[in-house]
Amino acid sequence: MLLVLFGARQWHRRPKDPSQGRLPKWMAAIDRLTPVKVFGLGLALALALALAALNAKNAPLTIAAAASIGSAGLSVGQEITSPAIFVLIATLGLLAPLGVYMVGGERAKTTLGDWKDWPAQHNVAVMAVLFFVIGLKLLGDGIGILTS
């Protein structure tokens, strides 16, 4: 329920003009990193991926996925495959830009620049919808469990 309320609050606080949107400070700082700092960031990111379930935004989704997989009565093979698919889907936000950069050559700069500009303009709205949808999903799951 708190996620639903937080999502609604974020939605009402979003800038009315998308051009007024700003990148989060951590994302804006990436443009100013040196190669050594990027390498260190990559190492830190690898560690962070291992601890991503502790992030307040990731924890509810990860816990819900684990609960769904654990209670689905799957075979051993499916129980092994399901988390692997979940991790693959969860990391697409990192893998897609990396793939564009590795394959795209000079065009990748324009594409990745456009991808960076869009969340800067719509960050608050995206986060609001994300919190709201995850909150509704978890609330619906909870009501379903209580009524069954």
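The figures here come from the full heavy-atom set of this structure, side chains too, leaving out hydrogens, waters and symmetry mates. In this chain, residues are counted from 1 in sequence order.
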Next on the checklist: One pair to check against side chain to side chain contact (heavy atoms under 4.5 Å, CB included): V100 and W115. What are the steps and the verdict?
Outcome noted: CA-CA 11 Å; V100 167; W115 287 5; 3.4 Å; yes

Checklist entry - So T147 and I143, side chain to side chain contact (heavy atoms under 4.5 Å, CB included) or not? Walk me through it. => result CA-CA 6 Å; T147 59; I143 291 171; 4.2 Å; yes

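Between P83 and I69 the shortest heavy-atom distance is N-CD1, 3.9 Å. The heavy-atom pair separating F132 from A8 by the smallest distance is CD1-N, 4.3 Å.
Side-chain contact between V4 and F131: absent, with no pair of heavy atoms (C-beta onward) separated by less than 4.5 Å.
Under the 3.5 Å distance criterion, the side-chain polar atoms of S82 are left unmatched by any main-chain donor or acceptor of E79.
Among pairs with a residue in residues 130-140, those fulfilling side chain to side chain donor-acceptor pair (under 3.5 Å) read K137-D141, at least two apart in sequence or across chains.
Legend: residues meeting ring-ring contact (aromatic ring centres under 6.0 Å, His included) with W118, ordered by chain and number and at least two apart, are H122. For T81, the side-chain contact (heavy atoms from CB on, under 4.5 Å) test picks out I85, with sequence neighbours left out.
Taking CD1 of I134 as the reference point, atom CG of L139 lies at 13.5 Å (rounded to 0.5 Å). Of the inter-residue distances, the one linking L74 atom CG with I80 atom CD1 reads 11.0 Å to the nearest 0.5 angstrom.
Under the 4.5 Å side-chain contact rule for hydrophobic residues, V103 and L95 do not share a cluster.
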